[in-house]
Chemist: 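Pasting a structure below so you can have a look.
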Amino acid sequence: MNIVVLVKQVPDTYSERKLSDADSTLDRDSADAVLDEINEKAVEQALQIKEAGEGEVTVVCVGPDRATDAIRKALSMGADKAVHVCDDALHGSDVLATAKVIAAAIGKGDAPDLVLAGNEATDGGGGAIPAILSELLGLPQLTHAREVSIEGQTVKATRETDEGLTYLEANLPAIVSVAEKINEPRYPSFKGIMAAKKKPVDTFTVADLGVDAGEVGLGNAWSAVTEAAPKPPRAAGQKAEDEGDGGTKIAEYLVTQKLI
Amino acid sequence: MVPVERLLPNREAADLLKLVTEIAREELAPISAEYEAAERFPREQFRLLGRSGLLGLPYQERWGGAGLGYEVYLACLEELAAAWMTVGVGLSVHTMSCYALAEYGTDAQRDRWLPDMLGGELLGGYALSETNAGSDPASMSTRADAEGARYRINGTKAWITHGGVADYYKLMARTGEGSHGISCFLVDAGIPGLEATPPEKKMGLTGSPTTQLVFSNVEVEGDRLLGEEGQGLPIALSALDSGRLGIAACAVGLARAALDEAVAYAKGRSQFGRPIADFQGIEFLLADMAAGVETGRAMYVDAARRRDAGLAFAKQASIAKLVATDAAMKVTTDAVQVFGGAGYTRDFPVERYLREAKVPQIFEGTNQIQRMVIARHLKSS
């Protein structure tokens, strides 16, 4: 089974994240960069599928030079090889352009049986890449999975929403996006770190992929961030004096909030 | 935790430090206070360290180690201790429990036992001290009497870190008279006749059990002897040189955790209309604390680089242990001072750091013994 996992480097959620003053794109230098947590889960899922049968796991990453750190993390967890699309022209690309580049990068290798992705990244949070990619590659998409299993030529997924669970299945090849509850990703081991050193990473520019530079980048994006402001600080909470009826007051408050 | 910028030898070392910091942040720091209060040993967390390949960092890859130098190993220890002293000290103790086998065992012995100790999930302890043989280990009385191809061990060892939770112990026991009559053994924790007493009621490091080990007619095979008969004390003392570096690194981690807490608190706490961090009285306390942390780190890094380069490092190891642990005591005490009354309560971690900082001045050779070692080197040079 040939499994492709999409991975993205994002600012560490532990550090202060902001947009650059110049063009309102992500200020990548202001924060530590890490492999997005949801992508760690996608990699974990790929590794579990591989370990249950056989196969090869390729991570595909679009990002600047230092995204190699995120790629190495995925390789040290156990992925077999990587494709890195790295090109200054990509700076500020929207989800459409990014998906086109990812589709072209996937096309550089053997046709995948399964493409795994996180359902959304912690930085942009567009959450649209898996769906756009599904359209571009002509593959069925099972999104927001909290469970995934492969049975022969079929992939089954359980999607969890506020309304309940949906059980999905599709023929392979397919695209699956995983949600937060899918698994607990493993930590790499020191052996994994050493092994990652020797694993192949193919690096491509936009031109290498045959994508027109006029379709990517901030200038060609279909949407633009015009302004951003930090969240206002939280207002003080509402206080209720407990005069022996504290429980009732809390319950009444929860009712007004439609929580109970 | 404020990240430390380190000059590491290569990218793999940097990736390893990232892994260790992530484990420290995600798996250790969030539960340390709760486990210490409940006197609960983090056995599962040590298994995670094992699975991540962190239990054999400075030993040869041939037997499941990572083949790393001490400089990188100690940086990992500092990170773990900064998140949880019990785990930092525990890893140092485990690493030293492997030392005699790794350095003095035969290939047959190393092939048989070392891979599980370095590359598996086993946890070790070591048994050198006795109630009446602390700073003077040569006065120990636990005996290992040769009986044919076996040894029969009787006696009581004291101050055993991981007592009752370790899978094996490196044991020093008497096979003859005098300081040349002590030998080193590798003993399984589950062997008949070996019992750990209930843990000591300690002032700090309460998550890590410290017990006595009582040996009552414990019989071990002759191949459990590490090195030659009578070589035990030199082995123990040579292990201590390296163990002292581990404790120095742990003390730096602990002091750094206290410093980070103090700086954050001083910036957030206002009196007389401004953050107390802006008062010179607090600024100077914090500055001295930072100087203490970084001096300790500089000393252990220097000693580790000497060790990694194959130079003599015993004097530098003693200096590093002395400087780093005395600094940790002062830094944690001052951290409580910065917090004021709040620091004296168990609502904040600094009082625990203060309690934890006391024992590094005592174990792996008291700081008075370190001064003796340093002076001995001065006189013999």
Side-chain angles (χ1 to χ4, degrees), chain A residues 7 9-17 29-41 43-44 47-48 51 59 61 65-79 82 84 122 180 183-201 233-234, chain B residues 1-5 8-30 44-69 72-73 75-76 79-80 83 91 95 115 118-121 260 264:
Chain A
V7 300
Q9 189 184 44
V10 297
D12 195 340
T13 49
Y14 281 83
S15 51
E16 194 191 347
R17 295 171 290 171
D29 293 330
S30 74
D32 292 335
V34 297
L35 174 58
D36 198 357
E37 201 179 321
I38 194 73
N39 294 155
E40 286 185 12
K41 294 174 187 242
V43 171
E44 173 65 36
L47 295 175
Q48 286 182 16
E51 285 158 3
V59 295
C61 179
D65 270 346
R66 75 167 180 173
T68 50
D69 291 347
I71 292 171
R72 266 204 328 281
K73 171 93 184 263
L75 294 175
S76 66
M77 287 172 72
H84 182 190
T122 55
E180 204 186 342
N183 58 38
E184 272 305 313
R186 69 194 67 189
Y187 287 102
S189 67
F190 182 68
K191 280 201 180 89
I193 289 172
M194 295 307 285
K197 211 167 120 171
K198 299 183 190 94
K199 291 178 176 173
V201 180
R234 267 189 236 175
Chain B
M1 190 67 54
V2 180
V4 177
E5 198 175 357
L8 292 165
N10 52 42
R11 200 175 67 186
E12 289 67 44
D15 283 351
L16 172 66
L17 256 295
K18 260 189 212 161
L19 167 64
V20 170
T21 332
E22 190 182 347
I23 289 177
R25 178 173 90 176
E26 305 284 340
E27 308 291 336
L28 303 181
E44 264 318 298
Q45 286 66 26
F46 277 99
R47 287 189 216 285
L48 171 63
L49 298 188
R51 287 195 295 279
S52 309
L54 303 179
L55 292 185
L57 291 175
Y59 295 112
Q60 289 182 51
E61 290 168 86
R62 175 177 169 190
W63 287 290
L68 285 176
V72 177
Y73 157 62
C76 294
E79 289 295 337
L80 294 172
L91 178 56
T95 302
L118 300 182
E121 297 181 18
D260 285 357

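Lettering follows sequence order; numbering is per chain, from 1.
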Chemist: Below 3.5 Å, can you tabulate the donor-acceptor pairs from side chains in residues 56-67 of chain B to any protein atom, sequence neighbours excluded?
Modeler:
from, atom 1, to, atom 2, distance (Å)
B:Tyr59, OH, B:Thr95, O, 2.5
B:Tyr59, OH, B:Tyr99, N, 3.4
B:Arg62, NH2, B:Asp107, OD2, 3.4
B:Trp63, NE1, B:Asp111, OD1, 2.7

Chemist: Which one, A:Ser76, A:Ser189, A:Ala196, leads in non-hydrogen pairs under 4.5 Å with chain B?
Modeler: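 Among the listed options, the one with the most contacts to chain B is A:Ser189.
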
Chemist: Using a cut-off of under 4.5 Å for heavy-atom pairs, which of A:Arg186, A:Lys73, A:Lys191 has the most such pairs with chain B?
Modeler: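 Of the options given, most contacts go to A:Lys73.
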
Chemist: Between B:Glu22 and B:Arg25, is there a side-chain N and carboxylate O pair less than 4.0 Å apart?
Modeler: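 Looking at B:Arg25 together with B:Glu22, the answer is no, because their closest N to O distance does not fall below 4.0 Å.
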
Chemist: Heavy-atom cut-off 4.5 Å, strictly under: side chain, backbone, both or neither for B:Leu54 against chain A?
Modeler: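 It is neither, since no heavy atom gets under 4.5 Å.
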
Chemist: I'd like to know if the side chain of A:Lys41 reaches the main chain of A:Pro185, judged simply by a donor and an acceptor atom lying under 3.5 Å from each other, with no hydrogens or angles considered.
Modeler: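 No: the side chain of A:Lys41 does not pair with the backbone of A:Pro185.
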
Chemist: Return yes if some donor-acceptor pair links the side-chain N/O of A:Gln9 with the main-chain N/O of A:Arg66 below 3.5 Å, else return no.
Modeler: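 Flag set: sc A:Gln9 to bb A:Arg66 pair under 3.5 Å.
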
Chemist: Report which part of B:Leu19 has an atom under 4.5 Å of a heavy atom belonging to chain A: side chain, backbone, both, or neither.
Modeler: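 Just its side chain gets close to chain A.
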
